[in-house]
Amino acid sequence: KPRLFTGIQPTGSLTLGHYCGVIHHIISLQNDYEVIIMLADLHALTLPNPHLNYQEKCYEMAALLYACGLREENCKIFCQSQVPEHLILSHLLSPFVTVGSLSHMIQYKEKKRGEETGNLALLSYPVLMAADIFLYDADLVIVGQDQRQHLELTNTIARKFNNFFGQNLLKIPQFSIPDRGAKIMDLQNPTRKMSKSEPDHLSLLDAPEIVKKKVVRAITDSENKIRYQPKKKPGISNLLTIYSLLADREIKEVERNLTDLNYHQFKLKLAELINDKLTIIQKNYGFWRVRVEELLRKNSNHLRLQAEKKIALLKEELAISSLPLT
Ligand code: TYM
């Protein structure tokens with residue numbers, strides 16, 4: 001089977017943005033691909049947070065991902081830090097990336113928060129991301145809209161690397177950003193993406209009353225007409241996108257069917273739909289949470305063997321020592 005790869009940073013809760021942006025799409029493809037989902041704890045460390053227990057977050061996220069409906073036998077979720085080859089490959093790719101191109105990345109500029117330069121890990125973040133992808137010879141990578149620029153850079157790195165060595169040592173996968181759901185917006189500020197760092201994000205572990213409260217107070221407009229017009233009506237369009245994804249219907253169809261409702265009625269219906277989904281996920285969560293530590297270990301061991309092979313091959317081609325450092 002071809003291989004589908006993606007990564008998620010274990011820095012907070014898994015949100016409805018993650019669900020609509022990537023998880024939902026991966027679930028619908030899981031019969032046709034071998035799925036690998038990496039919990040990017042090394043990426044998370046680029047902005048260190050002394051209050052965060054990364055290991056605990058990895059367990060929580062992995063259990064939630066399985067609880068969403070990813071099947072154990074076909075989907076290997078693992079922690080990036082358990083496979084140190086990611087760092088080796090990142091280093092091998094580094095000579096093929098200019099500091100200038102890294103400093104132009106939108107996320108780098110956002111995350112350095114007004115400082116003249118950000119830290120080194122933040123700068124080299126996309127190189128590690130490229131390494132994640134090439135380590136497993138992925139065929140397909142699915143991400144949300146905010147990762148587009150990183151994927152473009154990944155592409156450029158691979159071309160330069162392969163050109164230099166005169167052979168296709170790095171496999172360039174197909175990059176996919178879903179048409180629908182790739183940028184779920186914040187409920188309070190629908191011109192910004194929903195992010196785990198904003199207070200009104202919908203967490204997959206939110207209780208039904210909380211979901212209802214957050215959805216009901218979501219910012220919309222004063223027109224009270226349910227229309228999908230992302231530029232003019234970002235709030236209601238965002239809610240329509242979420243609705244259409246969870247109900248598995250086209251946006252046009254949802255628009256047509258709900259046209260008689262006012263915003264408040266629509267929001268109540270949406271909250272119900274979200275809660276139906278979350279209830280199932282939360283019910284499964286406990287089952288997975290007690291099994292997930294063992295499962296992550298098993299998955300890491302399995303993937304590490306593949307990663308080691310890839311690195312051994314590259315070392316041979318690059319004619320650098322394959323002797324262990326110890
Ligand atoms: P992260 O942890 O920010 O987000 C994980 C994935 O979820 C998508 N996403 C969203 N999609 C739609 N609407 C939203 N509001 C929303 N919020 C997040 C993101 O686009 C992403 O696809 N750098 C990556 C992790 C990573 C990775 C990789 C991904 C590391 N290595 C290799 C792919 C391949 C990140 O920070 O994602």
Side-chain angles (χ1 to χ4, degrees), residues 3-26 35-47 52 54 57-58 61-62 64-65 68 77-81 83 86-87 89-90 93 105-108 110-111 121-122 124-155 157-158 172-198 200-204 230 234 237-239 241-242 245 303:
R3 210 171 263 171
L4 188 166
F5 184 90
T6 200
I8 304 180
Q9 289 192 63
T11 43
S13 12
L14 213 50
T15 71
L16 199 69
H18 295 127
Y19 186 85
C20 295
V22 285
I23 303 169
H24 168 89
H25 301 285
I26 294 178
V35 178
I36 304 176
I37 302 183
M38 182 192 74
L39 300 168
D41 51 354
L42 297 175
H43 276 102
L45 282 172
T46 53
L47 287 174
L52 204 64
Y54 293 94
K57 273 288 158 208
C58 281
M61 279 204 164
L64 264 173
L65 285 164
C68 285
I77 302 176
F78 77 106
C79 289
Q80 187 180 29
S81 61
V83 184
H86 288 262
L87 294 169
L89 185 50
S90 171
L93 300 179
M105 292 288 119
I106 298 165
Q107 288 214 338
Y108 171 72
E110 277 172 9
K111 289 186 178 169
L122 202 56
S124 60
Y125 183 111
V127 189
L128 182 57
M129 209 170 136
D132 302 334
I133 292 168
F134 298 131
L135 202 50
Y136 303 100
D137 292 327
D139 296 285
L140 175 66
V141 174
I142 296 191
V143 290
Q145 188 70 52
D146 60 344
Q147 299 298 318
R148 177 184 293 278
Q149 207 187 19
H150 290 162
L151 294 190
E152 284 164 4
L153 188 73
T154 296
N155 220 321
I157 295 174
I172 302 182
Q174 182 196 339
F175 294 118
S176 166
I177 296 175
D179 293 336
R180 197 173 40 161
K183 194 168 186 186
I184 297 298
M185 299 301 191
D186 186 66
L187 298 181
Q188 283 303 306
N189 183 351
T191 54
R192 217 173 36 203
K193 75 161 186 174
M194 180 184 285
S195 151
K196 50 203 161 200
S197 54
E198 298 298 330
D200 258 36
H201 71 259
L202 286 167
S203 156
L204 299 190
S237 301
N238 189 37
L239 300 184
T241 303
I242 299 174
L245 263 162
L303 290 167

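Just so you know, ligand 1 is whichever comes first in the structure, and atom 1 is the first atom listed for that ligand. All of these numbers come straight from a predicted model, not from anything done at the bench.
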Review point. What residues, two or more places apart in sequence or in another chain, satisfy side-chain contact (heavy atoms from CB on, under 4.5 Å) together with H150?
Key: M105, Q107, Y125, P126, M129, Q147
Review point. Got a second to check how far I242's CD1 is from M194's CE, nearest 0.5 Å?
Key: 5.0 Å
Exercise for review: Grab the two heavy atoms, one from Y54 and one from A44, that are nearest each other, plus how far apart they are.
Suggested key: CE2-CB, 3.6 Å
**Study point:** Spacing of I37 atom CD1 and M61 atom CE [to the nearest 0.5 Å]
**Key:** 11.0 Å
Review point. Around ligand 1, what residues show up once you keep those with a heavy atom under 4.0 Å from it?
Key: F5, T6, G7, I8, Q9, G17, H18, G21, V22, M38, A40, H43, Y125, M129, D132, I133, V143, G144, D146, Q147, G181, A182, K183, I184, M194, K196
**Study point:** Separation of H86 NE2 from L128 CG (nearest 0.5 Å)
**Key:** 8.0 Å
**Study point:** Heavy-atom pair with the smallest gap, counting every atom of T191 and M185
**Key:** C-SD, 4.3 Å
